[in-house]
K.L.:
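This is the structure, below, for whatever I ask next.
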Amino acid sequence: MANAGTAAGTTEAASDAGELLLVVAGAHLRGQPLNGQLLELSARFVEETRTAEQYRLFALATDPPKPGVVRTPDGGAALDVEIWALTPAAFGRFVAGLPAPMCIGTVALAEGRAVPGFLVEPYAVEGAEDITHHGGWRAYRKALSAERA
């Protein structure tokens, strides 16, 4: 379990068990197509939470579909995310296998913690659909499915 005593605004990269924490926002969420990559590394689901109101979410043209999360100084919103815990070795293997334009950066959470998590290089969102108003990847995918039905 994450360290509940962490002061607001500080970085919390490790759980009490010595694992490294990782924020996921799209295709690695539970039930999504790339979640198996975390499970293969024996990652442990920690919690659902929200980011601080500093992010934009974009639908990237990838296969499988995934979002790009970009931190922005203005016009951002809170996004639904999950936190997972991995051993340091598993975290390293996971990050080493990330394809561009995905990257790991510091994600500010609504309650004040800052945790390593998925972001995207800004060039990747040029021309991509801004889906921030959905509040998260699952809500966007649900709305997309409803439109197609």
Side-chain angles (χ1 to χ4, degrees), residues 1-60 62 64-99 101-122 124-125 128-146:
M1 176 170 205
N3 182 353
T6 301
T10 61
T11 298
E12 181 175 321
S15 73
D16 290 338
E19 300 163 307
L20 298 177
L21 299 179
L22 176 69
V23 173
V24 301
H28 288 91
L29 295 166
R30 290 174 297 156
Q32 295 298 306
L34 298 181
N35 182 251
Q37 292 177 352
L38 290 172
L39 298 176
E40 288 170 5
L41 293 169
S42 299
R44 180 177 58 81
F45 172 75
V46 176
E47 66 179 299
E48 290 182 359
T49 190
R50 291 181 63 75
T51 67
E53 294 181 359
Q54 301 172 1
Y55 294 89
R56 308 286 315 157
L57 187 68
F58 296 87
L60 302 179
T62 59
K66 52 182 97 127
V69 176
V70 177
R71 193 170 188 173
T72 180
D74 298 308
L79 303 173
D80 294 330
V81 295
E82 292 178 352
I83 298 178
W84 287 76
L86 298 94
T87 66
F91 186 90
R93 284 194 302 276
F94 183 77
V95 171
L98 286 181
M102 307 313 292
C103 58
I104 301 298
T106 301
V107 177
L109 299 177
E111 85 287 340
R113 290 183 291 162
V115 177
F118 268 95
L119 297 172
V120 70
E121 295 180 54
V125 302
E129 180 184 2
D130 186 332
I131 58 172
T132 306
H133 63 278
H134 290 283
W137 184 244
R138 277 198 184 101
Y140 165 71
R141 299 293 292 168
K142 184 177 179 180
L144 198 58
S145 293

K.L.:
Could you tabulate the donor-acceptor pairs under 3.5 Å formed by side-chain atoms of residues 32-41, not counting sequence neighbours?
P.N.:
residue, atom, partner, partner atom, Å
N35, ND2, H28, O, 2.9
Q37, OE1, H28, NE2, 2.7

K.L.:
Are there over 12 heavy-atom neighbours, none belonging to E121, within less than 6.0 Å of that residue's CD?
P.N.:
yes
K.L.:
Using the side-chain contact (heavy atoms from CB on, under 4.5 Å) definition, which of the options I104, V95, L20 pairs with P116?
P.N.:
I104
K.L.:
Residues two or more places apart in sequence or in another chain: which of them pass salt bridge (charged side-chain N to carboxylate O under 4.0 Å, His left out) with E48?
P.N.:
R30
K.L.:
Going by the rule salt bridge (charged side-chain N to carboxylate O under 4.0 Å, His left out), which residues pair with R56 if we only count those two or more places apart in sequence or in a different chain?
P.N.:
D130
K.L.:
A89: which residues meet the side-chain contact (heavy atoms from CB on, under 4.5 Å) condition with it, sequence neighbours left out?
P.N.:
T87, R93
K.L.:
How many angstroms lie between atom OG1 of T49 and atom CG of L79, to the nearest 0.5 angstrom?
P.N.:
11.5 Å
K.L.:
Looking at every heavy atom in both A27 and P65, which two are closest together, and how far apart are they?
P.N.:
CB-O, 3.9 Å
K.L.:
Under a 3.5 Å distance rule, please check whether Y55 uses its side chain to pair with a backbone N or O of L119 as donor and acceptor.
P.N.:
no
K.L.:
For D80 and R138, run side chain to side chain contact (heavy atoms under 4.5 Å, CB included): C-alpha distance rounded to whole Å, both residues' side-chain angles, the deciding distance at 0.1 Å, then the answer.
P.N.:
CA-CA 8 Å; D80 294 330; R138 277 198 184 101; over 6 Å; no
K.L.:
Please report the shortest heavy-atom distance between G117 and L22, naming the atom on each side.
P.N.:
CA-CD1, 3.9 Å
K.L.:
Can you measure from CD (E111) to OG1 (T51) and round to the nearest 0.5 angstrom?
P.N.:
10.5 Å
K.L.:
Given side chains that start at C-beta, do those of V69 and V23 come closer than 4.5 Å, heavy atoms only?
P.N.:
no
K.L.:
Within the distance-only criterion (no hydrogens, no angle test), does the side chain of T132 pair as donor or acceptor with the backbone N or O of L57 below 3.5 angstrom?
P.N.:
yes
K.L.:
Can you check whether V120 reaches M102 side chain to side chain, under 4.5 Å on heavy atoms?
P.N.:
yes
K.L.:
Which heavy-atom pair separates V81 from A25 by the least distance, and what is that distance?
P.N.:
CG1-CB, 3.9 Å
K.L.:
Identify, with sequence neighbours excluded, every residue that meets side-chain contact (heavy atoms from CB on, under 4.5 Å) alongside T62.
P.N.:
L60, K66
K.L.:
Please tell me if the side chains of V115 and V107 come closer than 4.5 Å, counting only heavy atoms from C-beta onward.
P.N.:
no
K.L.:
Can you tell me how far OG1 of T72 sits from CD of Q54, rounded to the nearest 0.5 angstrom?
P.N.:
9.5 Å
K.L.:
Would you please name every residue forming a ring pair (Phe, Tyr, Trp, His ring centres under 6.0 Å) with Y140, sequence neighbours left out?
P.N.:
H134, W137
